[in-house]
Structure formats: structure tokens, C-alpha cells
Amino acid sequence: MNNVEVLSQARDWAREELDKSINFWLKNGMDKEHGGVYTCLKTDGTIYSTDKSVWMQGRCGWIFAYLCKVYGVKDEWLKASKSCLDFMEKYCINREKGNRMYFTVTADGKPLRQRRYCFSEGFYCIANAEYYGVTGDKECLERARDAYELIYNLNNGLIEDPTGMGPKTITETRTGRALADPMIFLNTTAIMRRVDPEREELYTKRAKECTDAIIKYHFKRDLGCTLETVGLNGEVMTEFTAGRVVNPGHDIECAWFLMEEANYTSNKEIYDTAVEIFDCAINSGWDKEYGGLLYFIDCLGNPPESYEHDMKLWWPHNETLIASMMIYRDTGKQEYLDWFVKTMDYCKEHFAEAEYGEWYGYLRRDGKPTMPAAKGSTFKGPFHVPRSLIMAEQMITEILDKQ
């Protein structure tokens with residue numbers, strides 16, 4: 001087949017899988033009694049835990065609003081988004097602790113767990129922002145702006161954490177930087193800038209802070225990797241396992257966040273560095289024996305500490321679909337279309353499930369689902385799979401429209 005045929009078939013596949021994914025979550029996940037979404041779902045959509053992930057309330061709220069933005073408003077999509085927004089507003093914010101958000105709550109919204117990380121707030125932020133972008137609801141924009149500022153202040157040490165939870169480690173012994181903070185905030189900033197152009201200057205300034213931190217401190221060209229944890233000045237800490245951790249899926253996701261920013265600012269240097277980050281991650285992380293992307297690797301080839309390091313998770317493959325197609329769209333280089341097809345074929349064979357729709361989340365190294373198999377969990381809901389399929393479908397359409 002020529003490339004046009006390959007792309008046309010890939011687009012058909014993405015559209016079909018997107019439809020299955022969205023219908024799976026609308027049918028099985030939405031809580032008609034309390035609002036919000038359940039994400040601990042078995043292969044057939046049966047709920048196996050009623051505890052609710054706050055991350056997933058925000059991510060689900062965002063994805064259904066984003067579907068409306070891309071494909072036009074559908075009532076069931078907008079209702080699903082609003083259900084998650086309302087559930088978060090009513091139950092998921094710790095008002096007594098500076099509006100920090102919980103990590104998990106019960107089915108009816110009673111708090112279960114709070115974490116020091118700002119990711120619940122981040123997903124709440126983008127959900128409200130996207131909903132504002134679709135509906136013009138100014139209250140949602142103000143919520144998004146407030147959450148955005150809270151995250152920025154916490155990430156940069158401008159305020160004390162209102163929850164009183166300190167750093168994860170004893171800072172007098174060891175402290176450092178985590179890749180996830182500037183990486184996720186970069187994506188959050190891009191969404192805020194798109195829906196809130198009134199503050200474009202502020203968002204572009206902060207996006208630059210994120211890109212500078214990622215490239216200056218975490219990307220290690222000499223090691224051929226991007227490190228999850230480094231010293232405050234970017235020091236490589238190879239004397240212990242946490243300092244050697246590479247998460248190839250994170251790096252690939254980070255790469256396309258950087259590429260989007262580089263395209264927005266017409267910065268070729270950042271774009272080229274982002275492609276380097278992708279190349280390092282895909283070449284070191286792809287399992288040469290069984291296929292698929294390994295979850296964690298050690299930058300020096302030592303044994304990783306995480307026992308799940310050689311598993312294959314859904315989301316790194318979603319990020320690979322996005323990043324490889326983005327580079328192919330922007331550069332026309334065949335090797336990146338080849339990576340897209342290789343990843344798509346792996347997903348077709350191992351993650352996608354035909355009878356009920358949606359993808360398995362967790363595979364063993366050999367590509368078989370962990371048993372009992374699940375379509376969702378505290379960490380997997382309607383987010384990575386549909387986001388990757390929407391973006392792949394849109395990018396492929398861009399390419400084909402130019403043929």
C-alpha cells in the first residue's frame with residue numbers, strides 16, 4: 001500500500017475505536033445517581049469498585065467537552081462533561097485546606113484520600129477550561145483560572161501546601177526535580193491559552209518556563225534519555241535507582257507537548273529537541289523481543305526498582321500514536337509513519353477488545369492482559385485512549401486534505 005492508503009485505513013480504524021471507547025464509557029461508567037464517572041470497570045463494563053478517582057472526574061470532564069469542541073456539541077457528551085464538573089465541585093474540593101483536591105472519594109463523594117501532587121487540580125482546571133470553551137460559562141473559566149494559579153504557586157514554592165503535606169522525601173537528605181510537574185503544567189497551560197486568549201502573554205511566558213525546565217534539567221543528551229528525577233540543578237543522580245528511572249511513555253508524551261509549544265512559537269530548536277526526546281525514548285523503550293513499549297527502564301541498564309517495569313500499559317502506546325503522527329505530519333519523514341503503524345498494529349493485536357469496546361489497560365510483557373482483565377481502574381478512564389484517537393484522526397485528516 002502507498003502512504004495515502006495506509007493513512008486512510010488508519011483513520012478508519014481510529015474513528016471506529018474512538019466510537020467504541022466513547023460508547024463504552026457512556027454506557028457503563030456514568031453515575032446517574034450521584035453524578036461523575038466510575039472507572040473501575042471489568043472487560044464487559046461491570047463495575048468492580050465504586051470508589052471514584054478525582055483525576056478521572058477531571059479527565060472525563062475534559063474529554064467529553066473536547067469531543068464537543070472537535071466534532072460539534074452532542075447533548076450526551078456535554079451532559080457527561082457537566083456531570084463530572086458538578087461532582088467535582090460538590091464533593092472533590094477540600095475547602096478547608098485552600099481548595100486542594102482529593103485523590104479518591106466514595107461513590108457519593110465522601111473523601112477517602114488526599115495526595116501532595118497537584119494533578120487532581122490540573123485535570124479539574126482543564127475540564128472547566130474546555131467546558132467554558134464550548135459553552136461560554138464564565139464561572140467555569142474562573143474556576144479554571146483559580147486552579148491554574150494554585151498549581152503554579154504550589155509547583156514553584158510560592159505558597160505553603162494548605163494540606164500540610166510536605167515533600168515526599170526528607171529534603172535535608174535529598175531533594176530534586178520531577179519531570180511530571182513542568183510536563184503536565186505545560187499541557188495545562190496550552191489548553192488554558194487556547195480557551196482563554198485574553199491571557200495569552202501570561203500563558204506563553206509560563207509555557208516557556210516549562211519547556212526550559214524540561215530541556216535544561218531533565219533531557220540528558222549524553223545519556224540518550226530524559227530522566228524522571230534529577231537534582232535541583234539538573235544533576236544526574238545515578239548512585240541510586242530513583243535517579244536512573246526513565247519512563248519512555250512519559251518522555252514521548254512530553255515530546256509532543258514540546259512539539260505543540262514549538263509549533264505555536266515557531267521555535268525549531270525546541271521542536272528538534274522534542275524529536276530527539278521521542279527518538280531516545282522509542283528506541284530504548286521498545287521491547288525488541290515481544291514488541292510494545294516497556295513501562296520503566298534504567299538509564300544505565302541496571303534492574304529497575306518498580307516490579308511492573310516490564311509491563312505494557314495502554315497510555316504510553318496512546319502517546320506514541322500521537323507523537324509519531326505529529327512528527328510525520330510536520331516533517332514527512334517515513335520512519336515516523338512507520339512507528340505509528342507499528343504501534344497501531346501492536347494496539348490492535350493486544351489492547352483493543354472487539355466484543356465490548358475500549359482497550360485493556362494492563363498487559364504482561366508478552367502482551368497478554370493481566371488477569372482478571374480490566375478496562376478501567378483508578379488511573380485508567382475515558383482519557384488517553386480517546387484523546388489519542390481524536391488527535392490521530394485529526395492529524396491524518398490534515399495530511400490527507402493536502403494530498
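This one's a predicted model, so the numbers in the text were calculated from it and none came from an experiment.
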Under a plain distance cut-off of 3.5 Å, with no hydrogens placed, do [Y] and [X] share a side-chain donor-acceptor pair?
X: E200; Y: T204; value: yes
X: D31; Y: Y38; value: yes
X: Y346; Y: D287; value: no

Taking [X] for its side chain and [Y] for its backbone only, find out whether a donor-acceptor pair lies under 3.5 Å.
X: K52; Y: T106; value: no
X: N233; Y: E235; value: no
X: K97; Y: D161; value: no

Test: [X] and [Y] ion pair at under 4.0 Å:
X: K27; Y: E358; answer: no
X: R193; Y: E260; answer: no
X: K205; Y: E209; answer: yes

>> Under 6.0 Å between ring centres: does that hold for F123 and W62?
In response: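 Ring centres of W62 and F123 not closer than 6.0 Å.
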
> Can we call the ring centroids of H350 and W314 under 6.0 Å apart?
Replying inline: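 Distance test on ring centres: not under 6.0 Å, no.
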
>> Between Y102 and Y91, is the ring pair (Phe, Tyr, Trp, His ring centres under 6.0 Å) condition met? List the steps.
In response: CA-CA 9 Å; Y102 300 114; Y91 300 116; over 10 Å; no

>> Quick check on ring-ring contact (aromatic ring centres under 6.0 Å, His included): which of Y295, W315, F296 does H250 satisfy it with?
In response: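 Testing H250 for a ring-ring contact (aromatic ring centres under 6.0 Å, His included) against Y295, W315, F296 leaves exactly one candidate, W315.
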
